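Report on the following structure.
Just so you know, ligand 1 is whichever comes first in the structure, and atom 1 is the first atom listed for that ligand. This is a predicted model, so every value here is computed, not measured.
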Amino acid sequence: MARERDSGASALAAVQVAVRIRPDAVDDITQTVSRFARPAVEATSATSVVLEPSVLPVGMRDSRYTFNFDQVHGLDVNQIELYHESVEPLVRRFMDGFNTTIFAYGQTSSGKSYTMGTSEATNSICTDTPFVDMDLHVGIIPRAAHQIFQSLQDVTAEGEECTVSVSFLELYNEDLIDLLSDAYGQRNNIQIRETRTGDIVWTGLAQRSVSNAQDVVKLLQDGMAVRQTHETEMNAQSSRSHAIFTISLIRKHRAKPGAQTERASSSLGRASPERAFATPRTPKTGLPTLGVRLPVSRAGSPTRPQTPTRPVVRGTPLRRAPVEDTVIVTTTSKLHFVDLAGSERLKRTAATGDRAREGIAINSGLHALGNVISVLSDPGRSKRPIHVPYRDSKLTRLLQDSLGGNAHTLMIACISSTEGNAGETLNTLQYAQRARNIRNKVERNQVEPGWDNVAYLQSQVLSLRHELELVHSSRELVASSPKRTTHPMPSEHERELLAWQEKCSALSQKNIQLSFQLVQREQEQRHNSSSVDFLQAAEPVIVEYEKTVDALEGQLSMLKAAVAHLEHSVQEQTSENVALSDRATKAERQMDVLRSTMRDLHERLDERNARVEALETELRRASMSTSSTTPLSFSRSSRSSSMSSDPGVLPQRPFGGILDYKGRNPSNRTYRVTTTQSRATSDVDTYPTSQLGLPRSPSSLEQQPLTKRHASETTSPDELLTVHMH
Ligand SMILES: Nc1ncnc2c1ncn2[C@@H]1O[C@H](COP(=O)(O)OP(=O)(O)OP(=O)(O)O)[C@@H](O)[C@H]1O
């Protein structure tokens with residue numbers, strides 16, 4: 001926890017972000033096309049990761065993406081290493097009395113459940129015997145349970161009394177479901193409520209006491225068995241809900257008043273002297289954050305903390321106060337493991353029906369979480385108050401204390417290494433980058449008993465007054481002693497007197513403080529008493545309103561989810577359009593190239609025609625001087641229609657020449673004509689007779705069967721003339 005600052009009563013702690021790159025197994029069903037299975041991300045150091053932009057969809061390509069985080073776990077980092085590097089320090093914070101949250105975020109099938117320990121590997125743990133070595137694939141939660149109970153062995157041996165309990169909550173389609181309830185599946189009454197002091201609490205959630213790590217894992221397995229998971233195109237066992245597994249700890253130890261904050265050994269989150277002594281923080285008794293009810297008196301009136309009904313981990317009984325001044329200090333803390341469902345593109349998961357509805361709800365919660373993270377990470381937030389949209393979804397309400405509130409938080413961003421997932425990977429990395437800017441205000445949840453109890457304070461004041469009177473009377477007694485005037489006081493008595501005097505002044509001070517406290521409390525009580533009746537009467541109405549608001553918020557969230565989904569589709573459509581216009585631009589470029597090729601060809605054609613004209617002129621000249629052959633004048637058409645600027649219209653120009661009629665095939669009426677011009681035999685051109693102006697059946701011509709080649713060439717026989725240029 002390097003990035004933490006002390007700011008008086010509470011310390012500022014940045015949200016920690018660890019990135020985990022999952023290896024892509026051969027049988028990974030998301031990687032069907034090997035072309036997209038190339039590696040796209042690389043851990044370049046223990047804290048940085050690079051995403052290759054060329055693998056991103058068009059429109060998302062930018063420069064090389066390099067991201068820095070608190071930890072980066074590459075492909076070769078296993079569960080044990082990840083736990084030691086990223087999670088163990090957080091679990092120690094929890095043991096020290098701080099609320100702590102660890103949540104996994106990432107696209108579907110990126111390894112969130114695997115990392116958190118809510119996947120198959122956890123089911124393989126045998127809970128009948130104490131854990132020795134866990135399977136390499138076992139995730140965070142079972143390992144944390146093991147660490148917690150190992151540490152508790154030490155503190156209970158020192159005489160502390162500790163109580164551990166767990167709860168398991170699921171948020172499915174905006175419904176809160178208790179995964180450890182005996183009445184699972186039946187309508188339950190879990191509600192997220194805000195106390196008058198602004199704390200977020202859940203009511204109606206089962207708390208199960210546990211006395212060892214096996215108990216924790218057993219309950220985890222039970223809850224996992226009923227959690228909503230289904231197969232999608234992207235994951236054979238995809239979590240269709242967000243789930244929060246919580247371990248709650250209550251520790252009690254004896255300490256001198258005012259010295260209790262030194263007991264907890266964390267180097268972080270030092271409680272201020274004011275909070276520890278003069279105005280001890282009202283413990284979240286009964287309604288601690290994230291809704292776990294600790295022992296509390298019914299009407300919610302503050303009482304001295306009670307002994308838990310089922311203390312689970314007990315040390316030797318709390319030592320009797322060796323001296324008058326020790327009190328029992330209670331520390332409460334919670335450790336939340338949040339396994340978020342994966343963000344998913346419905347197109348890729350091929351979700352329809354219920355799966356699509358689940359997908360929309362999942363994405364909507366994550367979208368709201370993204371908005372909260374964006375607002376909290378806004379650097380301008382410290383200068384001006386900004387509304388944080390926690391109420392936009394139940395997920396954000398549940399995580400309110402973990403993001404921007406009183407908790408040490410670790411986000412594990414899970415990403416896939418392959419090219420096919422590069423778009424989602426970039427989103428996850430950007431999301432995580434923002435989360436890293438969030439600062440939480442952490443403080444130890446610790447309280448000295450009785451500070452919120454007026455009767456207790458009154459009795460303290462009375463006993464102190466009584467002690468004070470005793471001291472005064474003893475002083476007077478000593479002062480009136482006749483020996484004092486004649487003999488020096490024996491040093492033993494002197495010391496005793498000084499001790500009494502010191503004690504007297506300490507007690508007077510404490511008396512003043514307590515009296516001051518008492519007056520404050522009485523004033524507060526007087527102020528509150530008038531509203532208590534009203535509040536009691538209004539309570540059921542308020543609860544009803546809360547339920548209605550809750551239901552409406554649920555509907556609103558789903559509507560927002562639908563809108564977000566539409567927006568997402570529009571975004572996808574837009575990027576498809578971008579890709580299409582990119583292709584259109586490319587095609588245009590190709591057209592330009594073709595046009596220029598055409599121009600070249602035309603030029604070459606013109607050159608050729610010029611040559612032909614020159615030849616024709618020569619021919620004409622030759623014909624003038626030769627009278628033995630029949631002069632002909634006709635048009636010549638080009639065979640190469642592809643060279644014409646207008647396909648279908650053959651370029652024509654006058655052709656003058658002396659032709660030697662070699663023969664005629666009557667069946668197809670094709671003429672074979674040889675010009676007097678000397679040419680290679682391959683220079684055989686075919687002309688429509690209509691263009692040549694020749695008679696269809698000139699009897700003067702020698703009939704001659706055409707070769708096979710000619711026959712195949714002259715597919716429109718009656719209109720063609722084959723000319724051999726010699
Ligand atoms: N680091 C890893 N090493 C080995 N296998 C892994 C790793 N990460 C994930 N897997 C495997 O990948 C598959 C998908 O992982 P997992 O179910 O944890 O994903 P997910 O992010 O929780 O998905 P969803 O959001 O759909 O629930 C599982 O079979 C899991 O065992």
Side-chain angles (χ1 to χ4, degrees), residues 18-32 37 39 41 43 49 71-83 85-87 102-125 134-143 170-172 220 223-224 227-245 337-346 348-351 354-356 358-366 369 395 411-418 420-421 424-425 427-429 431-432:
V19 168
R20 179 177 218 182
I21 309 172
R22 68 154 284 190
D24 290 286
V26 181
D27 60 349
D28 181 355
I29 59 173
T30 71
Q31 306 305 323
T32 44
V41 275
V49 63
Q71 289 112 29
V72 171
H73 302 290
L75 299 174
D76 52 346
V77 174
N78 65 32
Q79 299 279 55
I80 300 173
E81 290 160 340
L82 180 133
Y83 184 81
E85 284 169 32
S86 298
V87 182
I102 298 171
F103 73 100
Y105 177 85
Q107 77 170 108
T108 182
S109 197
S110 56
K112 298 178 296 298
S113 304
Y114 178 83
T115 302
M116 295 306 291
T118 48
S119 68
E120 270 310 300
T122 297
N123 284 332
S124 66
I125 299 175
M134 279 187 227
D135 184 284
L136 190 66
H137 291 287
V138 168
I140 290 171
I141 302 176
R143 292 181 195 282
E170 178 181 46
L171 176 59
Y172 175 68
L220 178 64
M224 280 164 54
R227 185 182 171 194
Q228 298 281 351
T229 57
H230 286 287
E231 181 172 350
T232 67
E233 291 279 302
M234 299 280 288
N235 189 351
Q237 208 183 0
S238 180
S239 310
R240 312 307 295 159
S241 62
H242 307 298
I244 304 180
F245 187 81
F337 298 97
V338 186
D339 179 15
L340 296 174
S343 57
E344 57 186 55
R345 293 172 63 196
L346 298 188
R348 289 192 71 194
T349 49
D354 280 352
R355 294 298 84 78
E358 288 162 359
I360 290 174
I362 290 167
N363 287 346
S364 110
L366 296 174
L369 185 62
L395 179 64
M411 171 183 187
I412 303 179
C414 297
I415 55 175
S416 152
S417 59
T418 54
N421 295 319
E424 276 102 334
T425 297
N427 283 340
T428 303
L429 291 173
Y431 208 98

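A donor-acceptor pair under 3.5 Å is formed between the side chain of Arg143 and the backbone N or O of Val138. Between the side chain of Arg227 and the backbone N or O of Ser241, at least one donor-acceptor pair lies under 3.5 Å. A donor-acceptor pair is defined here as one N or O able to donate and one able to accept, closer than 3.5 Å; such a pair exists between the side chain of Gln79 and the backbone of Tyr114. In this structure, Arg20 contributes its side chain and Ala104 its backbone to no donor-acceptor pair below 3.5 Å.
Taking every non-hydrogen atom of Gln107 and a distance limit under 4.0 Å, the qualifying atoms of ligand 1 come out as 21 (O). Of all atoms in ligand 1, numbered sequentially from 1 with element shown, those under 4.0 Å from a heavy atom of Lys112 are 18 (O), 19 (O), 20 (P), 21 (O), 22 (O), 23 (O), 24 (P), 25 (O). When each atom of ligand 1 is checked for a heavy atom of Thr108 under 4.0 Å away, the hits are 23 (O), 24 (P), 25 (O), 26 (O).
Contact record, Leu395 with Leu171: N-CD2, 3.5 Å, taken as the closest heavy-atom pair.
Only the side chain of Pro23 comes within contact range of ligand 1, with a heavy atom under 4.0 Å; no backbone atom does. Residue-level proximity to ligand 1 for Glu120 is absent, since no heavy atom of it falls below 4.0 angstrom.
Considering backbone and side-chain N/O atoms, Arg22 comes within less than 3.5 Å of an N/O atom of ligand 1.
Heavy-atom proximity to atom 23 (O) of ligand 1, evaluated over Ser113, Ser109, Ser417, is greatest for Ser109.
In this structure, Gly106 falls outside the shell of residues with a heavy atom less than 4.0 angstrom from ligand 1.
Using the six-membered ring where Trp is involved, Phe337 and Phe245 have ring planes that are tilted, between 30° and 60° apart.
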